[in-house]
Structure formats: C-alpha cells, structure tokens
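Data first, discussion second: the structure below is written as structure tokens.
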Amino acid sequence: MLLVKLGGSVLTEKARLRTPRRAAIRRLAAELASVRQPLVIVHGAGSYGHILASRHRLKDGGSTSAKRAAAARVQADVRELDRLVVDALNRAGFAAVPIAPSVVLTLDDGGVSTMDLTPFLEFSSLGFTPVTFGDVVRDLRRGFSVCSGDLLMLELARAFRPDRAVFAADVDGLFTADPKRRPKADLLETVSPNDLAKIEFSSPRRTDVTGSIEGKVRRMFEIAEHVDACMIVNGNVKNRVRDALRGKRVVGTRIVRGP
Ligand code: IP8
C-alpha cells in the first residue's frame, strides 16, 4: 500500500480564499490513477482551511457561538475541496471514498486521542481508495482544534505500514533555507534528524495554522519510522508524484529516520 499527501498549496491558490487549482487537481488525480497500486490519499486544506482557521484562531478551540460558527464554516469548506478532489479521482478511475477526520478522530490538546481506523481498513480491503484531509475536529481539552493532513499521514503510516509515503509540495523538496525567500538555497537529497542543524528555518507564513516547516519535518521523521521510504517531491512538476510513488529515483528529498 502507498500513502500520499497532496499539499494544499498544490491543490489551491493558498492566498485566495476557497480558490482551487482545478488543472493541478485533475492532473494529480490522473497521475495517481496511473500508479495502479492500492493508495490511501490525504490532502491539505490550502485556502479552504488555513485562511479562516488563522483569522478565527481555530487551533485554540473555544466555546463561543462565533467560534463554533467559524469552525463549522471551515469544516464545510474543507469538505468542498475534498469533493473536488474525490470527484477528480473518480473521473480518473478510482472508487474514492471520503473519510472526514471530524467524524473519525478526536484530539487531546492537539495530539491524537482516538482515531477510528476501521473505515480506512475496510474500504481499502474492499478495493476503495480512502481519501482524508486536514480538518477541524473535536479536541477533549480545547473543544475543537485543527488536525493537519500531516498528523493523519502519521496515524495512517502507523496503521498501514505502507511501502512508501510521498508528500507533494509546491517546491522540489527540503532546502537549506526557504527557496522562495532564498533562491540560492540548496536542495537536500536526504535529510535525517542530524541534518536539522544545517537548515535555516524561517518563521511560518502567518496563515499557515498547522505550523512551521521544522515541525512538519519532525513529523516526517516520525512517519519515516513506519514506512520503507518517505519522500517530499514537487507536485507541480508533471509525473513527479507518479514516479515517486512507483519508487523511481526523482528530484526530491528523502526523509530518513534517525539512528
Ligand atoms: O493543510 C490544515 O491541514 P493541512 C487543516 O494539511 C485546516 O495543514 C482546517 C486548516
């Protein structure tokens, strides 16, 4: 089984509220279909999640009616993006089934408290392709909070022990510094926890509610514990996600577990 996360910055215009990148969604759906292996698909929220989640501080939870209304709005929005992704996957030949984290997962102060993996396991064994996504979910301590697609990748990697986990980003991989701010930054072909010191992490974008690149990379080291290969590749480059999932050598960053 293969696990893939389609980043929200590839699927959407990250700075323009609820703006999909329809051509990218269609192309990636076709690429995934051409892999012809059982997949579990996770996707980010992009501008369907981060902008309002940041404006209303949804990560912190809350109990006011204004906060609840914002949480419900974002839940509806991420489902709308998921609908676009699932429709594209089905048109590309999958029998894709959406599994909303708000239904199957509970956090406890931001960490996973419980996750019902049964729908993932059963739909997979029936030949369906489970699709899940960054969402606003229940949180025992905060009332509700934001669950990132990266956290779902970790839980699914732990449960399924896939051969490969591939992250499709809007850059070629992990660089020595943010390549958008420092064009001379070098792409790192392999990264282990020992290499963290080599990387100049800049502060996260204000609207990125699920945290810093450093936090994401640390989560990927955890994921690497449960998979044979963990890669970050550029989802905007045609066939790179397809080839990475097939196990070909591609431009990207391989994340390796620590010693
Ligand atoms: O895009 C974020 O998930 P991510 C989820 O995978 C929300 O970080 C609701 C902002």
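Each ligand, and each atom within it, is numbered from 1 in the order the structure gives. These numbers were taken from a predicted model, which means no experiment stands behind them.
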Contact (N/O only, under 3.5 Å) between Ala45 and ligand 1: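 N/O-N/O distance under 3.5 Å: yes.
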
Any N/O pair Lys5/ligand 1 closer than 3.5 Å: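 Checking ligand 1 against Lys5, an N or O pair does fall under 3.5 Å apart.
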
Side-chain ion pair, Asp150 and Lys5, N-O less than 4.0 Å: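 Salt bridge present between Asp150 and Lys5.
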
Residues Asp170 and Asn236: side-chain donor-acceptor under 3.5 angstrom: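 Short answer, no.
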
Side chain to side chain contact (heavy atoms under 4.5 Å, CB included) evaluation trace for Arg246 with Ser34: CA-CA 10 Å; Arg246 285 180 174 167; Ser34 68; 4.1 Å; yes

Of all the atoms in ligand 1, which lie at a distance below 4.0 Å from a heavy atom belonging to [X]?
| X | answer |
| --- | --- |
| Val74 | 9 (C) |
| Gly49 | 10 (C) |
| Gly149 | 3 (O), 4 (P), 6 (O) |
| Ser148 | 3 (O), 6 (O), 8 (O) |

Any side-chain heavy-atom pair of Thr129 and Val97 under 4.5 Å: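 In short, these two side chains do not touch, never coming nearer than 4.5 Å.
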
Can you report which non-hydrogen protein atom sits closest to [atom], along with the distance?
| atom | answer |
| --- | --- |
| atom 7 (C) of ligand 1 | Val146 CG1, 3.6 Å |
| atom 8 (O) of ligand 1 | Thr210 OG1, 2.5 Å |
| atom 2 (C) of ligand 1 | His50 NE2, 3.5 Å |

Ser47 side chain to Arg16 backbone, donor-acceptor under 3.5 Å: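 Checked: pair present.
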
Side-chain donor or acceptor of Ser145 paired with backbone N/O of Gly110 under 3.5 Å: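 The answer is no, because no donor-acceptor pair under 3.5 Å joins these two groups.
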
Residue part near ligand 1, for Val209, under 4.0 Å between non-hydrogen atoms: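 Only the side chain of Val209 comes within reach of ligand 1.
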
Region of His43 that comes within reach of ligand 1 [heavy atoms, distance under 4.0 Å]: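 No part of His43 comes within reach of ligand 1.
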
Salt bridge (Lys or Arg N to Asp or Glu O under 4.0 Å) assessment of Arg240 paired with Asp172: CA-CA 10 Å; Arg240 212 166 265 172; Asp172 278 348; 2.9 Å; yes

More than 12 heavy atoms of other groups within 6.0 Å of Phe128 CZ: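 For Phe128, atom CZ is not crowded (no more than 12 foreign heavy atoms under 6.0 Å).
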
